[in-house]
J.: 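One structure follows; several queries about it will come next.
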Amino acid sequence: MQPAGWPVIAQHASDGRLHHLLTLEGVPRETVVALLDRAQALMDGNPDPRALAGRAMCTLFFEPSTRTRLSFQRAAQRLGADVLNFDASTSSTTKGETARDTLKTIEAMGVQCFVVRAAEDGAVAALAAAAAPGTSLVNAGDGRSAHPTQGLLDMLTLRQAKGVDFSALKVLVVGDVLHSRVARSDLHALRTLGAGEIRVCAPRALLPGDGLLSGCTVTTDFDAALDGVDAVMLLRLQRERMVEGLVDSLEDYHRDYGLTPRRLRRAAGDAVVLHPGPMNRGIEIDDTVADGPQSLVLRQVANGVAVRMAVLEALLARA
Amino acid sequence: MQPAGWPVIAQHASDGRLHHLLTLEGVPRETVVALLDRAQALMDGNPDPRALAGRAMCTLFFEPSTRTRLSFQRAAQRLGADVLNFDASTSSTTKGETARDTLKTIEAMGVQCFVVRAAEDGAVAALAAAAAPGTSLVNAGDGRSAHPTQGLLDMLTLRQAKGVDFSALKVLVVGDVLHSRVARSDLHALRTLGAGEIRVCAPRALLPGDGLLSGCTVTTDFDAALDGVDAVMLLRLQRERMVEGLVDSLEDYHRDYGLTPRRLRRAAGDAVVLHPGPMNRGIEIDDTVADGPQSLVLRQVANGVAVRMAVLEALLARA
Amino acid sequence: MQPAGWPVIAQHASDGRLHHLLTLEGVPRETVVALLDRAQALMDGNPDPRALAGRAMCTLFFEPSTRTRLSFQRAAQRLGADVLNFDASTSSTTKGETARDTLKTIEAMGVQCFVVRAAEDGAVAALAAAAAPGTSLVNAGDGRSAHPTQGLLDMLTLRQAKGVDFSALKVLVVGDVLHSRVARSDLHALRTLGAGEIRVCAPRALLPGDGLLSGCTVTTDFDAALDGVDAVMLLRLQRERMVEGLVDSLEDYHRDYGLTPRRLRRAAGDAVVLHPGPMNRGIEIDDTVADGPQSLVLRQVANGVAVRMAVLEALLARA
């Protein structure tokens, strides 16, 4: 998913500290575990409400996403960081300015961290390459490449449910894997944490052809894929897949890939269900599953704030 | 105005404390008085700017309303609560998610209070039914049903002008009563506080047919209705009433129901004029009245912040 | 640029303190210098993060401008002031309310300072005339009249680069002077600070006809104008000048008035380049110049926050 020519940005500073969070690919296991441990501690304890006082985070969204923006904003608030919001998806605001100039301008206002969402693969890394040494970027989703804090929050959610040892875990990722940055970040993290078996299931037209799935058990048969899994990680189906002809109809998709209570019974009895939201109820997930005892959907949201607090703290806390 | 089937939500917790504020209907007199007393004390004193530190309020507006949103935001700021804004009226943000899922998602981010505006009657109560036990909702206006903080701020304004005993007070509510949630909350509060006489005046097409007006003196003759009243509570005329054919023209409306200086002379010499804003100057109110010595319009706005501080404190303060 | 009939508002209170900041025209040299000194001190030191605690600033923008809004917001955050944003350029929010009523309403919510941008000349002064005695307004740009904080930040930037004595300085203002509030505020400030020589260069159709340029060396020849100058202050070219027929084409404009590296060599060897942003790269400025060692564009942005902190402090700090 890295188009030729986009800059390879070191996420770690020379002293090993995390400086940007652009992708989970290549992030060492100990860094992932440390972030998850810290997120859990922040959740269990009383975070210092002045921990990041005087530091500023700016959300810079070239694609709209209120949920992710609010989650980062809440994380910043809980640590006392100042927040600016720049909604670059409302076009008139930028007046033709380049994304790089927008970043450099807001950076010059005394902002130390940018949370960036962009439609193009690699766009956040490209901006990170332009940032000043003291500025950290968090990728809040770029194209179909990566959404690392989503990957982290999903791992935290799995860990709370299934324990820290992932080696015996059978995890199924199902849905529009081809276009999903969530799937990519989840797969990177699951591998890093040593998940026992990773299954991937999608209609053929929504399966990626590249090396992303190496080592995964890949199938188009959802029923078979569910057999005995400990966790089902659903993906959101974008309506535009219909327009593009990649999916015939919502009804067909639900029949073949919708998680119904009946289907869920094929998984392990204590299997858990994750979804990054917003859910298409009645399409990739039935109400009974979404609101049932095995669903961890709201737990994911709560963990999202904790994970983002841990990330902001790691990037922004003064030495 | 409660359509069959919408949930009846207890606003009070089992210990008698206010848990939600959805409507003023049925709220005991002592609760209303306590909120008004507290609002007045907050206005007269120096509220603790850390009173709600660490607590978070989210505005969740399915209809746009900058004024009401800013008023709640200012109230939260003055008590040190964190604020998130979710403008659900800009459609792309929700991506087809249900209002309930939106609420549950933001709730899971660690938000303890939602200020909700919705176009449908009962929509806020329906969301309150879905909220976790630790979450409080404030109705910032739903359909034509209720706008309880507006009702409270109007009562505070009347009380400052006319004293705490409403029993001798003649109050006139005039305008588009049929479609007005402000009128409903005002009428509920005026009855609860024992207003001596409540008059209601509107063109026939804008008078409600249900039991709302029981006990009120109802007329279509504005001049007669004004006779000797102590307070005139104007309502905003929505332009769509013309389109719907409920009002012939703005000129006609102004001629029959516009408050001119000449008309105001029919009221008591020390009568006061209230309007929830934004005002349609030259339609329901003349400039001379709006900006004149009897107008309490800006006092209402100031009281709005105080009343909302009192409500947020009642709902959010830790035991 | 003051149309007949707009109110002349005293910017200074009777005790000489600055009360509004509407224009730099007529502001005494000692006030300008004091603001620049204070901005520099705030930049060099650690501003008190509670200096304006409990005070509230509202941005009230009738024209969109995310950059300027964020800069004021960051300034307020760094001094601990509360911030409200009212984007009046999204029309549905105001429901036909007058700008004056919007201001008076938000003022009544307990806001002590408004940062206002408006399309019409004099609109901010007109609002200042309606404000309560305890309310201060900052003009964040009105029509083509004034943008005083931009003027101040440009002066701070020049001063850092060239020293406090402007008497030997040759400064060139180039571009769409006719429509530029930035040019006006820069010219006012340059005169007040005693700049040695002020040159103004623009295509004839973009040169103002009024007295604004008295005392300036005026030319349409950019190459000649650059000769030996110490500072080049570029202006943004609005695309609508093409539509209006005032500029033939972007290509022509760039050929005659674009600052290329080659052209810049005509200026003094240590000349500096300023631009208020957002830059039209390849039109009024080439990439090599914009990102080159003589460009102070990002320094201007950083200075903008410092200058706005100084202004907010001057207007809002309690005696």
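Each chain gets a letter, A, B and so on, in the order its sequence line appears, and its residues count up from 1.
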J.: Side-chain donor-acceptor pair under 3.5 Å between B/Gln77 and B/Arg74, yes or no?
T.: yes
J.: Using a 4.5 Å heavy-atom cutoff, which residues in residues 287-299 of chain B come close to chain C?
T.: B/Asp291, B/Leu298
J.: Looking only at the side chains, is there a donor atom on one of B/Thr59 and B/Arg69 sitting less than 3.5 Å from an acceptor on the other?
T.: no
J.: With a 4.5 angstrom heavy-atom cut-off, could you sort out which part of B/Val301 is near chain C: side chain, backbone, both or neither?
T.: both
J.: Applying side-chain hydrogen bond (donor to acceptor under 3.5 Å, both in side chains), name anything that partners B/Asp186, two or more places apart in sequence or on another chain.
T.: none
J.: Is it true that the side chains of C/Arg236 and C/His275 contain a donor and an acceptor less than 3.5 Å apart?
T.: no
J.: Under a 4.5 Å heavy-atom cut-off, does chain B meet the side chain of C/Asp101, its backbone, both or neither?
T.: side chain
J.: Does one side chain, of C/Gln112 or C/Glu107, offer a donor that lies under 3.5 Å from an acceptor on the other?
T.: no
J.: Can you name the side-chain hydrogen bond (donor to acceptor under 3.5 Å, both in side chains) partners of C/Thr105, sequence neighbours left out?
T.: B/Arg67
J.: Got a sec, which residues hit salt bridge (charged side-chain N to carboxylate O under 4.0 Å, His left out) with B/Asp154, two or more places apart in sequence or on another chain?
T.: none
